[in-house]
Amino acid sequence: MNAFKDAGHIFRLAAVFVCGILVFVGVRAVLVPKSFGQYGHYRGDALAEIAARPVNFAGHQACEDCHSDVLDKKKAGKHVHVNCEACHGAQAKHAEDPASVQPAKLDTAVLCVRCHEANIAKPKSFPQVASADHSSGLPCDTCHQPHSPAIDTGETAQATTPATTKVAPGGTK
Amino acid sequence: MPGVEGFMYPNEIELQWSVLIVLYPFLTGLVAGAFILASLERVFQVQEVKPTYRLALLTALAFLLVAPLPLQLHLGHPERSYEMYLTPHKTSAMAMFGFVYLWYLMAVLVFEIWLDYRRDIVVLSQSTTGWKRMIYRVMTLGSNNISEHALHVDERVGWVITLIGIPSAFLLHGYVGFIFGSIKANPWWSSPLMPVVFIFSAMVSGIATVMLIYMFVTWARKETIDMRCVDTIARYLLYTFIIDFGLEMLDLIHRIYESDESFRSLDFMVHTKLYVSHIVVQILLGTVTPITLLALTQVVRLGEMARKRIYALAGCLTLMGIFAMRWNVVIGGQLFSKSFLGYTTYKMGLVTREGLLMAIVLTILPLIILWGLVKLLPPWPEKNAGSLAGAAPAR
Amino acid sequence: MNVTRRHMLLLLPAAAIAWKHVLAGTPEAAPNYKLSEHWWSMLIDLPKCIGCGNCVRACQTENDVPDGYFRTWVERYHVTDYDIENPHVDSPDGGKKGFPPSKEEGGKNFFVPKLCNHCADSPCTQVCPVGATFISPDGVVLVDKKYCLGCRYCVQACPYGCRFINPATETAEKCTLCYHRITKGLTTACCESCPTGARQLADLKNPNDPIHEFLKTHSIQVLKPYMATHAKVFYNGLDGSVR
């Protein structure tokens, strides 16, 4: 009995701790987001929030729905596998409202060299030119039509090395 | 790119953990070390260090209260830090911080200090007046029982708490080491020795801090320093320091001998960007010099004044060395690229949220808190301590 | 028929439905997407990469990546004949503006696009103290920016340097594998804009995905395999010097 009385203050402190723990458990129940743990140790709602972001690149299917004529032109040339937005940039806004949002006109002098300027680190089979020597300053579309770049009249081998006949996308045949 | 040599992955150029994260293991290290010194008297019956027992506990508490502040300030969203308590991720070493911290703060330090001071608190709650009286009365939790039996209960419970406290102190700081040691992406950190090195360096820095504070406070109170006590502390400091240095050298030799793919990159870093802080400050000035000085006091018979001066110098060098060790771990681990092909530079802000000024404030803050705690709970017997009928005599 | 074309066709019907919703301004309601039916990954066909930087620019446009930080980037390697342990690497502005002419002649030169490897045993999600970054049920490593503390532990834990702290939100950020696109049947922005088909989104749970045939018939490697992260970005023709 006496031992209990003399340890009374310890029990008081224990009571304070227990109260603290109870408050913590209560607060925790209120504050943990509802969807937490739905799929794993994270907020399940986060998935939908991340997925809800609007797209900027429309995707080539959207382009080809309207611009099938360009697709036909591309099919004839080496750029057939180059998606529209690789050159024209993100066009989701244009796809949503084709009338009022117009894609900017492209400058081939800037655009083509992004891929085709010669660089020793590029794959040997990829068509490359030293632009300064190749066109003596003329814009590329003086001779090449970007959607089907081979020059109609001449030989394909004229401007590029013989090994450049195919851009060869896809490892499978 | 200014400040970058060679090749860094582009997202690596900016350092993620700043000087505040250097401060964090430094401060928790002092806590763990101070507590272990206090437990020497309580559990291991080293009577010589008794004059520092209460001071060591209060020091530990003061530093522990400040320890989470650098973390809090460094978070991108400090207002969300409570999430660590709500949804701790059980695979994350960092998630355990909140719980280890709370456990150590409440179940070990506050509890032990309360038990040890309970007699004084009760006495003070009746001898003081005004707001001070209110504080003490709250601290008694409404129990004024300080009979011999009650104090005996306190003594026994306190002993158990200290016993639990020792592994807790190891846990608190070992886990800080584990935060770094468990990052397999970073070869400078990833090492099973990291928690052990952190624990021993913590003990070294904590013992040195308590020794310095004790010497300073005694001098400031114009009392005489208990040389038997300081000599003993210095001896323990030397022993733990030798173990700590041994472990660090083991890690170093292991790295040099194995020379894995990261070695050339890390070796270059240690000889260039980290040369001053690692070789000069940490190893030569901060470790070899204090160990030599302390060993000198063991080997050569020196006068009291000479010993005091050597202890003060060795203590200061030790703290500087341990801080440099934290710096080299935290900052050094971010200066090299995980591609092992390049190095970046740490640019410390001055008056920014994570800058030098903040680091200085956070280093001084625990000392101010300690001053407050000492005023509130004097660690030494007050000359005019009131006595109460039915109270057991002061220990 | 080549891989890209076949892959596009696989995505086509879902994308068509998705697009209607995108046009109607309700993309979140788009297709009938089932988390359990996908396990996303990416194939990088290195011999096709020309270092044009289209992927880096597209990623920035699509995801508002702040300047100086990268969810994807391109590195250029230069390796001399017998010294594969000491490659010379550069990545000016992450390759966003392409690459200047290579100065170093001789040896081997090539480009390596990098992005989050969407590891199945990801060290970054392991260390997150609160569960703000996670592997989604369809295999994408994501960050919940409303829950992230900004402690930066995940940035430290990523062996590939794929994470950063967005200075605007002060939360961790990384490649989402264009989660907002792939859940609508579209491919990622980087794959969409890659002119040579060097990057291809792949769904390992889709038995018709050409990835399976490709993985069977090529020498495939992941980055830092010794990290045992189960990386899901597969590289064809990866040189041993790449790290």
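Lettering of chains follows the sequences in order, A, B, ..., and the numbering in each one begins at 1. When reading the values below, keep in mind they use all heavy atoms of this one structure, side chains included, and skip hydrogens, waters and symmetry mates.
For the salt bridge (charged side-chain N to carboxylate O under 4.0 Å, His left out) test, residues two or more places apart in sequence or in another chain that qualify with C:Lys96 are C:Asp67. Residues forming a side-chain contact (heavy atoms from CB on, under 4.5 Å) with C:Ser122 (at least two apart in sequence, or on another chain): C:Cys119, C:Cys124, C:Thr125, C:Ile135, C:Val141. Here A:Val32 pairs with A:Arg28, A:Phe36, B:Leu86, B:Thr87 under the side-chain contact (heavy atoms from CB on, under 4.5 Å) rule; sequence neighbours left out.
Residue C:Leu142 holds its CG atom at 11.5 Å from CD of A:Glu49, rounded to the nearest 0.5 Å. Atoms CZ and OG1, on A:Phe57 and C:Thr187 in that order, are 11.5 Å from each other to the nearest 0.5 Å. Atom NZ in A:Lys122 sits 9.5 Å away from atom OG in C:Ser102 (nearest 0.5 Å). Here the CG-CG distance, from C:Asp64 to A:Asn56, works out to 7.0 Å after rounding to the nearest 0.5 Å.
Heavy atoms of C:Pro137 lying under 4.5 Å from chain A belong to its backbone as well as its side chain. Contact annotation for C:Cys191: only backbone heavy atoms (N, CA, C, O) come within less than 4.5 Å of a heavy atom of chain A. If you measure heavy-atom distances from C:Ala132 to chain A, you find no contacts under 4.5 Å at all. For C:Val140, no part sits under 4.5 Å from any heavy atom of chain A, backbone or side chain. Proximity to chain A (any heavy atom under 4.5 Å) is restricted, for C:Cys49, to the backbone atoms N, CA, C and O. When heavy atoms are compared at a cutoff of 4.5 Å, C:Tyr77 does not approach chain A at all. Interface remark: C:Asn236 contributes no atoms to any contact with chain A (heavy atom separation under 4.5 Å). Of the two parts of C:Phe111, the backbone and the side chain both hold a non-hydrogen atom closer than 4.5 Å to a non-hydrogen atom of chain A.
Of all the heavy atoms in A:Arg53 and C:Lys184, the pair that sits closest is O-NZ, 3.0 Å.
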Please step through side chain to side chain contact (heavy atoms under 4.5 Å, CB included) for the pair C:Phe99 and A:Asn119, ending with a clear verdict. CA-CA 8 Å; C:Phe99 288 79; A:Asn119 192 317; 4.1 Å; yes
Derivation and outcome, side chain to side chain contact (heavy atoms under 4.5 Å, CB included), residues C:Glu62 and A:Val55: CA-CA 7 Å; C:Glu62 181 70 27; A:Val55 299; 3.7 Å; yes
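Contacts of residues 103-117 of chain A with chain C at a heavy-atom distance below 4.5 Å involve A:Arg114, A:Cys115, listed in sequence order.
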